[in-house]
Amino acid sequence: MTPAQRSRRARVAAHASWANTADRAARTSHGTRAFLARFEQQVDPLGQLDPREREVRARHARMAYMLTLAERSAKARRRKLDEQNNTKR
């Protein structure tokens with residue numbers, strides 16, 4: 001099986017799985033909690049901050065992370081567009 005065929009098969013399976021999932025939030029809750037805990041650990045590794053302060057700082061750390069991802073994504077899209085434009089010449 002080619003990589004493209006494996007990818008399509010996996011996509012079909014993923015969509016079928018989600019189609020049969022009654023409680024989407026429950027299915028993703030463990031991953032969501034772990035993702036958010038990452039930022040709390042980052043801003044307060046020793047667990048010494050007031051919980052409200054830790055939450056505020058974690059929110060800022062999460063926003064910084066998301067903005068960094070957005071910038072990297074925009075850069076990749078620009079690079080891809082540049083490559084496409086250079087190939088057309």
Subject >> Taking every non-hydrogen atom, the tightest pair across V43 and A58 >> reply: CG2-N, 3.8 Å
Subject >> Exercise: do H60 and R57 side chains pair donor with acceptor under 3.5 Å >> reply: no
Original post:
In Å and rounded to the nearest 0.5 Å, what is the CD to CG distance from Q41 to L46?
Top reply: 8.5 Å
**OP:** Return the minimal non-hydrogen interatomic distance between Y65 and R38, and the atom names on each side.
**Re:** CE1-NH2, 3.5 Å
Original post:
Within the side chain of E53, is there an N or O that forms a donor-acceptor pair under 3.5 Å with the backbone of D50?
Top reply: no
Original post:
Between T87 and E83, is there a donor-acceptor pair closer than 3.5 Å when you use the side chain of the first and the backbone of the second?
Top reply: yes
**OP:** Taking all non-hydrogen atoms of both residues into account, name the closest pair between A61 and Q42 and its distance.
**Re:** CB-NE2, 4.0 Å
Original post:
Taking E40 as the fixed residue, which of R54, R62, R33 is the one that meets the salt bridge (Lys or Arg N to Asp or Glu O under 4.0 Å) rule?
Top reply: R54
**OP:** Under the side-chain contact (heavy atoms from CB on, under 4.5 Å) rule, what do Q5 and R9 come out as? Steps first, then yes or no, please.
**Re:** CA-CA 6 Å; Q5 290 169 324; R9 182 178 282 184; over 6 Å; no
Original post:
With no hydrogens and no angle check, do the side chains of S7 and R11 hold a donor and an acceptor under 3.5 Å apart?
Top reply: no
Subject >> Non-hydrogen side-chain atoms of Q84 and L81 separated by less than 4.5 Å >> reply: yes
Original post:
Could you give the distance from CG (L49) to CD (E55), rounded to the nearest 0.5 Å?
Top reply: 12.0 Å
Subject >> Qualifying side chain to side chain donor-acceptor pair (under 3.5 Å) pairs, either residue in residues 12-21, two or more places apart >> reply: S17-R27, T21-R27
Subject >> Under 3.5 Å: donor-acceptor pair, side chain of N86, backbone of D82 >> reply: yes
**OP:** Taking only Lys NZ, Arg NE, NH1 and NH2, and the carboxylate oxygens of Asp or Glu, determine whether K75 and E71 approach each other closer than 4.0 Å.
**Re:** no
Original post:
Under 4.5 Å between side-chain heavy atoms, hopping through other hydrophobics if needed: is there a path connecting L69 to F35?
Top reply: yes
**OP:** Step through the shown structure and confirm whether more than 12 heavy atoms of other residues, nucleotides or ligands are within 6.0 Å of CZ on R6.
**Re:** yes
